[in-house]
Amino acid sequence: MLIAANFKTNKTRCQTAAYYKEVSDFIAAKNINTEAMIFPPATALDSFEGKISVGAQNAYAVENGAYTGEIGLEQLDEFGIKTILIGHSERRHILGESQELIAEKFHYYKEKGFRIVYCIGEPLEVREESSAALMAYLDDQLEGIDLAYNKLIIAYEPVWAIGSGLTPTEGEVELIHTALRQKIKAPILYGGSVKTANAKELLSLNNVDGALIGSGALNAEDYCMILEIADSLK
Ligand code: 13P
């Protein structure tokens with residue numbers, strides 16, 4: 001089981017360090033075996049010491065160079081970061097990343113041996129169309145991605161469930177994860193309005209191997225509570 005927290009554009013360097021320490025202390029005190037992973041904003045990346053994996057929310061497919069506003073491999077190497085989030089719906093839909101660019105990033109960071117948390121998820125209008133349209137949409141988001149990569153982790157995050165407090169029914173989540181499992185051996189996380197109140201139900205579903213959490217994990221205590229729930233399910 002893997003519980004990942006995506007901070008998005010939240011938390012300063014100082015707040016991230018305090019969060020890391022609070023969660024690390026909790027993991028040690030409670031002897032938690034579930035993997036904890038956090039994605040702080042780029043400005044808060046650092047060489048943390050502890051049991052929480054730290055990943056980048058984004059980086060350009062380059063070592064360094066003239067790409068104003070981007071970070072590359074060099075900035076991640078400085079802190080020994082070997083995990084990256086690629087294809088998040090906010091980067092696809094708000095920042096306008098194309099599948100081509102996303103696949104390029106995937107290949108670059110795969111080549112560099114990174115663990116890649118690769119996000120897919122459909123907007124509401126696609127879900128409302130049909131199950132076939134939904135699966136076809138997810139298939140398109142997997143185009144150009146090596147599903148056999150041994151450091152791949154998939155995160156299924158329906159766009160309409162992100163930050164909205166809405167989630168698909170447990171049956172729907174299980175159905176989609178099980179359909180994805182037919183073609184993907186990698187762990188499949190669920191994301192979209194996961195919180196302390198629904199974590200147990202969602203994490204208990206077949207083919208749900210963990211969660212990718214935004215707002216519900218911003219508070220370190222809540223995140224610790226979800227780690228404890230995940231740990232109790234094993
Ligand atoms: P919320 O947990 O805030 O819905 O965000 C989910 C998400 O986008 C994690 O990457």
Side-chain angles (χ1 to χ4, degrees), residues 1-11 15-16 19 23 34-42 44-45 52-59 81 83-97 102 105-106 109 114-124 126-127 134 137-138 141-142 145 152-170 172-173 176-177 180 186-205 208-230:
M1 192 81 80
L2 166 61
I3 304 295
N6 176 8
F7 291 1
K8 307 191 179 183
T9 318
N10 296 291
K11 296 197 190 293
Q15 289 165 342
T16 299
Y19 184 104
V23 175
T34 295
E35 184 179 1
M37 182 183 277
I38 62 169
F39 293 93
L45 294 177
I52 309 170
S53 313
V54 177
Q57 291 176 24
N58 175 50
I81 308 270
T83 302
I84 186 167
L85 199 62
I86 294 180
H88 193 280
S89 69
E90 285 148 16
R91 297 214 56 89
R92 291 178 189 269
H93 302 300
I94 304 175
L95 283 311
E97 285 192 7
I102 288 167
K105 286 185 182 182
F106 181 94
Y109 284 100
F114 274 57
R115 288 176 86 190
I116 298 177
V117 178
Y118 184 78
C119 305
I120 55 176
E122 81 291 350
L124 190 57
V126 173
R127 163 159 301 241
L134 193 163
Y137 190 92
L138 299 184
Q141 293 186 320
L142 294 171
I145 303 305
L152 170 68
I153 297 160
I154 294 284
Y156 168 61
E157 303 198 298
V159 178
W160 53 275
I162 294 178
S164 63
L166 302 170
T167 56
T169 64
E170 288 160 26
E172 285 171 324
V173 172
I176 292 162
H177 278 240
L180 290 170
I188 307 174
L189 313 181
Y190 169 76
S193 295
V194 178
K195 48 184 186 256
T196 54
N198 62 12
K200 185 167 182 205
E201 288 66 29
L202 289 164
L203 293 171
S204 303
L205 299 172
V208 173
D209 303 309
L212 177 58
I213 315 172
S215 43
L218 280 180
N219 179 312
E221 272 175 39
D222 291 342
Y223 181 63
C224 288
M225 202 181 288
I226 297 172
L227 279 177
E228 202 171 18
I229 291 168

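Numbering of ligands and ligand atoms starts at 1, following listing order. What's counted below: heavy atoms across the whole structure, side chains too, no hydrogens, waters or symmetry copies. A quick note: this is a predicted structure, and the numbers were derived from the prediction, not measured.
- Side-chain contact between W160 and E122 is present, with at least one heavy-atom pair separated by less than 4.5 Å.
- Ring geometry for Y190 versus H177: interplanar angle of 30 to 60°, hence tilted.
- Contact check for K105 versus R91: side-chain heavy atoms found under the 4.5 Å cut-off.
- Side chain of Q141 to main chain of G121: a donor-acceptor pair is present (N/O by atom type, distance under 3.5 Å, no hydrogens or angles).
- Within 6.0 Å of CD in E172 there are more than 12 heavy atoms belonging to other residues, nucleotides or ligands.
- Between L152 and P187, the shortest heavy-atom distance links the atoms O-CD, 3.6 Å.
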What are the atom names and distances for all N or O pairs under 3.5 Å between ligand 1 and the protein?
residue, atom, partner, partner atom, Å
ligand 1, 2 (O), G214, N, 2.8
ligand 1, 3 (O), S215, N, 2.9
ligand 1, 3 (O), S215, OG, 2.7
ligand 1, 4 (O), G163, N, 2.6
ligand 1, 4 (O), S193, N, 2.8
ligand 1, 5 (O), K8, NZ, 3.2
ligand 1, 8 (O), K8, NZ, 2.8
ligand 1, 8 (O), H88, NE2, 2.8
ligand 1, 10 (O), N6, ND2, 3.0
ligand 1, 10 (O), H88, NE2, 2.9
ligand 1, 10 (O), E157, OE1, 3.2
ligand 1, 10 (O), E157, OE2, 3.0

